[in-house]
Amino acid sequence: MESHKITPLTEGGLLAALTVVIALMSVYLPFVGPFVALLWPLPLAVLVLRHGLRQGVMAMLVSGAALSMLIEPLIALRLTLSYGPLGLVLGFCYHKKYSGSRTFLLSLTAAILGELAVLGLLFAVLDANPFAMMLDGLKRSFEASISIYTQAGMEEQQLEEIKTQISAMMQVMSQLGPLLIALLGVLDTAVAYTVGRRVAGRLGHETPPLPPFAEWRLPKGFVYLFGFAMVGLYWGGTREIDWLYLLAINAHMLALFAGLIQGLALMSTVMDRFKVMGFWRWLFYILVLINGLFMQVLAFTGLFDMVFDYRRRFGRRKGD
């Protein structure tokens, strides 16, 4: 029986075509387009995993060139810069069989650098602040929603409360640009890593998983970052040093986010210890994440856990 094997060049062409299809779907499909875009790095990651980094780079360049002829070149370049580095690094780490933690961190770095490259491109081409443009778009959307509420007969007091909340939210968002970039990078990496492992497994490739959530431990550096943020908020606010205040508020929110992740991992350890599983486990997670006070308490608990390592204490036996 004659065997037909797909050559690396042929497979590279097929996967490059798949990236073009995913990109077109992300642009033209309403509502679900942004979610489809999160899958853009996967064909590149699979190609690098199976045939090496060189094939992946060639496929990224070919797909980017094809997209620039099918859609607006600026959109094609933005998609390529946003997701291409993530796909290449993820596939390279899979190919080298790096640990799950190392793979995730390197992929996250590539995702954040890709987002920064896109912002630099938009700033250079449009000669405008991309965050300001985004905030203007959100503001117009909120104003349209308020107009609909007014026509529907909503009371004036309720409308004023909504306007106040929106104004406060816009003020916070205008100060959290760097943090939003980091969170977008986390989202892109989490989706690509999770789905990528499943795809690689279906193709017969073993990829190392992340450690169990209960074992996650973030660096103590986030505690020092939180301390810097508190000092920066005080100095920047009292002495009207705008750049220091903006830097400090982003560092503050990033440290609290890291503390929340660590706190949830600690919470997972406690629930493992008391055998809280299934429905009740998820219920506790949801109750924490929808309550602002609980989230803050858990975030501070996570920051303390980075220093005191409560889980090691839980693991001790009596008499140790």
Side-chain angles (χ1 to χ4, degrees), residues 6-29 32-98 102-125 130 181-182 184-203 205 207:
I6 299 178
T7 64
L9 184 61
T10 302
E11 188 169 2
L14 292 174
L15 291 173
L18 181 58
T19 61
V20 173
V21 172
I22 293 175
L24 292 176
M25 292 173 63
S26 70
V27 172
Y28 292 112
L29 286 181
V32 299
F35 300 101
V36 174
L38 297 175
L39 303 178
W40 202 91
L42 296 182
L44 293 179
V46 170
L47 186 58
V48 175
L49 168 63
R50 292 170 65 85
H51 302 294
L53 187 60
R54 181 173 176 270
Q55 293 289 336
V57 173
M58 290 176 58
M60 184 182 74
L61 296 176
V62 169
S63 61
L67 279 174
S68 65
M69 293 185 290
L70 295 173
I71 59 178
E72 186 178 343
L74 183 60
I75 297 177
L77 189 56
R78 189 180 67 189
L79 284 170
T80 304
L81 289 177
S82 294
Y83 299 110
L86 171 59
L88 295 177
V89 173
L90 183 63
F92 180 79
C93 293
Y94 285 160
H95 183 73
K96 293 294 184 179
K97 299 189 182 300
Y98 289 161
R102 187 179 182 185
T103 299
F104 191 90
L105 289 176
L106 290 175
S107 301
L108 175 60
T109 303
I112 293 176
L113 290 177
E115 295 290 348
L116 291 175
V118 169
L119 290 177
L121 172 69
L122 293 177
F123 186 81
V125 173
I181 293 175
L184 282 174
V186 171
L187 175 63
D188 294 344
T189 306
V191 173
Y193 181 88
T194 303
V195 181
R197 284 197 68 244
R198 292 181 178 273
V199 173
R202 290 293 183 91
L203 295 174
H205 298 277
T207 54

Taking the side chain as everything from C-beta on, heavy atoms only, tell me whether [X] gets closer than 4.5 Å to [Y].
X: Arg50; Y: Gln55; result: no
X: Leu67; Y: Leu24; result: yes
X: Leu74; Y: Leu121; result: yes
X: Leu203; Y: Leu49; result: no
X: Met58; Y: Arg54; result: yes
X: Leu15; Y: Leu44; result: no
X: Asp188; Y: Glu115; result: yes
X: Tyr83; Y: Leu79; result: yes

Please round to the nearest 0.5 Å and tell me the distance separating atom [atom1] of [X] and atom [atom2] of [Y].
X: Tyr98; Y: Leu105; atom1: OH; atom2: CG; result: 13.0 Å
X: Arg198; Y: Leu42; atom1: CZ; atom2: CG; result: 12.5 Å
X: Leu81; Y: Leu113; atom1: CG; atom2: CG; result: 11.5 Å

Flag, side chain of [X] to backbone of [Y], donor-acceptor distance under 3.5 Å:
X: Thr194; Y: Val191; value: no
X: Ser26; Y: Ala23; value: yes
X: Trp40; Y: Thr19; value: yes

Smallest separation among heavy atoms of [X] and [Y], with atom names:
X: Ala16; Y: Ser63; result: O-CB, 3.7 Å
X: Ala110; Y: Val89; result: CB-CG2, 3.6 Å
X: Leu88; Y: Gly56; result: CD2-C, 3.5 Å
X: Thr80; Y: Gly64; result: OG1-CA, 3.7 Å
X: Ala59; Y: Leu47; result: CB-CD2, 3.4 Å
X: Thr189; Y: Ala111; result: OG1-CB, 3.5 Å

Q.
Run the ring-ring contact (aromatic ring centres under 6.0 Å, His included) test against Tyr193 and tell me which residues pass, sequence neighbours left out.
A.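 Scan of Tyr193 (ring-ring contact (aromatic ring centres under 6.0 Å, His included), adjacent residues dropped) gives Phe104.
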Q: Give the intermediate values and the outcome of side-chain contact (heavy atoms from CB on, under 4.5 Å) for residues Thr103 and Thr207.
A: CA-CA 10 Å; Thr103 299; Thr207 54; over 6 Å; no
